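For reference, the structure discussed in these notes is given below.
The shown structure was predicted, so the numbers you read here are calculated from the model rather than taken from an experiment. Labels below follow one simple rule: chain letters A, B, ... track the order of the sequence lines, proteins then strands, and each chain is numbered from 1.
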Amino acid sequence: MKALVSVRNLTRIFDVSKPWLNRMIERKPKAMLTAVSDVSFDIPEREVYALVGESGSGKSTIGKMVVGLLTPSEGTVEIAGVDLARETDADKIETVRSDIQMIFQDPFASLNPRWKVRDIIAEPVAARGGDTAGLSEKLLEQVGLAAEDAGKFPHEFSGGQRQRICIARALASEPKLIVCDEPTSALDVSVQAQVLNLMSDLKDEFGLTYLFISHDLTVVRHMADKIGVLYLGRLVEEADPTTLFERPAHPYSQMLLAAAPKMDGFGREVVPPKGEIPDPINPPPGCAFNPRCPLAIPLCRQERPELRDVDGARVACHRAEEALARGRDANDA
Amino acid sequence: MSEPVLSVRNLVVEIPTRTGVLRPVDKVSYDISAGEILGVVGESGAGKSMTGNAVIGLLDPPARISGGEILLKGQRIDNLGREDLRKLRGKEIGMVFQDPLTSLNPLLRIGDQLTETMLAHLDITQDEARGRAIAALDEVGIPAAASRIDSYPHEFSGGMRQRVVIALALCAEPSLIIADEPTTALDVSVQAQIIALLKRLCRDRGTAVMLVTHDMGVIAEACDRVAVMYAGRLAELGTVRDVVQRPRHPYTDGLMGSTPLASRGQRRLRQIPGSMPRLGKLPDGCAFHPRCPKAEARCRAEPGPTLEADHGRAACWFPVEAAEVVS
């Protein structure tokens, strides 16, 4: 199947230095924060690719680069064969842009409180001079709200309903790709279920492709066709949900899965994970996970592992085979 | 069974407004024994935080306790004056809030914040207090506690800050800790560390813990018993195992079914239609009936049976039988 989104060696570095004068007085060097480091993946058409990771893992930064809100420092994002950051043909850029939409985490902050819902939803089409007659009403019904709601303001809706309005707005320009950045994190469980079901239905109905960004492993497992696990801006493992959840091959994925609360974990005594995510300004040499990794060997401190195929997954770990064997032993025990 | 540390009996909290009196907490009763973790779970607006705030006397006016009793170790605390309540907070009841940054004073070293609390409540000297503060930081797992005691809150990461807040809640050796969404702002791996810490402290010290959260996974993992709240009322109360595996209230059943955790492998999540009613617009009868698949005439006419603290599971006229649970 053809890849709709193709991300190659994507890197984003932020300059987080203090102002020039402070640096001169304190004699401090520039501080560079590598938010995303050499990430490559493909999203085939009509699939859901999920990026999962803890805070600071760079998942939202990748999302922003995919939609073009940030330019990559290095590497490329190609959507339907067009690299938005380098393409010079304005028509081509415009066509591709209208194929991309985004749904944000906070449905309270992402809707203009002074606009009526009708105008909010029609905006992506109106901005390109399209025909918006009856569009908002039709979309509202598709996302499970009433056509009369078009005349209301955002404050008249609950969190779940607002997220439905955000989804309706994202659908307005008939996009192919929707980047969803933590779309249900601000919602209650029962409302989350409604929104996730709606997103699955719409995907089937309109043939959408999702880049689904979340920190919630259970949501990701439910939604994704393929999952990329991020750690400190690096893709450490990529696999389909069954493979990842049943036999995670990277020690970080293993740690993350073991730490996630389970519904049948009554009185479970977990050995809590050691340590915390290191400072992204001075990441550890070699594999970024080596200070917390139970399997680390000297090689892990010297050489950054490349993604390679291990047992049905792509894993960036020198010791993936040992990690897999260890995971099997833990399951047997 | 020994006397519970905290007994809440028919607690009613009311907020008078221009359009009428709202009841964010309505006839809620439960007990927490020493060394027990009671989970209070519900969606936003269910009244779970309000219950915790009522216990510790931190209701924002005009909200007030208008009925029922709160007993701490057999003593009524709901009718205490401000000064008595102030002495109680920190001494007998510790509090851990969701956001560790806003619950610490950014301008004071954490050591000063810890010793201040201890000096206010315990009869000890400054030096003893400092020694105990280091011991408390050590106990909650802050590495090199003796040197980090003079750091400011901003010098700690989120997870470490939450540990400091827990040390602060613990330092006067309270018999009850109210933890309001203590892990919601934290990452999964840090959340696991904090939950393990709370469980260990609860077991070692015999502290009673009231854990308010919306995360069923956290509840299943950490708690002994769980109280499910819906629209200000207790919907179900029971041991974690019973409530999670054999929910009896249709709301609990729906809540369990709609977590992606439970419906693993299914293409669609089970969903509860609609959303929780606003407090000003509660339907007649059982507050859940408009969303309930089993609602009958009686549910529309009269509110569900009120749960007593020690018996009864679900506040429902037609509780789900074991065989009906789909998941």
Show the nearest heavy-atom pair for residues [X] and [Y], with the distance to one decimal.
X	Y	answer
B:R278	A:E156	NH2-O, 4.4 Å
B:S189	A:E54	OG-OE2, 2.6 Å
A:A193	B:R270	CB-O, 3.7 Å
A:D188	B:S44	OD2-OG, 2.5 Å

| query | Residues two or more places apart in sequence or in another chain: which of them pass side chain to side chain contact (heavy atoms under 4.5 Å, CB included) with A:N282? | reply |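 Once residues adjacent in sequence are excluded, the partners of A:N282 under the side chain to side chain contact (heavy atoms under 4.5 Å, CB included) criterion are A:D279.
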Donor-acceptor pair, [X] side chain versus [Y] backbone, under 3.5 Å?
X	Y	value
A:N197	B:L269	yes
B:Q271	A:V191	no
B:D187	A:S55	yes

| task | Kindly indicate whether the side chain of A:V189, heavy atoms from C-beta on, has any atom under 4.5 Å from the side chain of B:L255. | result |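 Yes. Closest side-chain heavy atoms under 4.5 Å.
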| field | Part of B:M160 within contact of chain A (heavy atom distance under 4.5 Å) | value |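 Both backbone and side chain.
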| Steps toward side chain to side chain donor-acceptor pair (under 3.5 Å) verdict (A:Q192, B:S258) | CA-CA 8 Å; A:Q192 165 173 291; B:S258 55; over 6 Å; no
| query | Can you tell which of B:G159, B:S157, B:G158 has the highest number of heavy-atom pairs within less than 4.5 Å of chain A? | reply |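 Among B:G159, B:S157, B:G158, the one with the most close pairs to chain A is B:S157.
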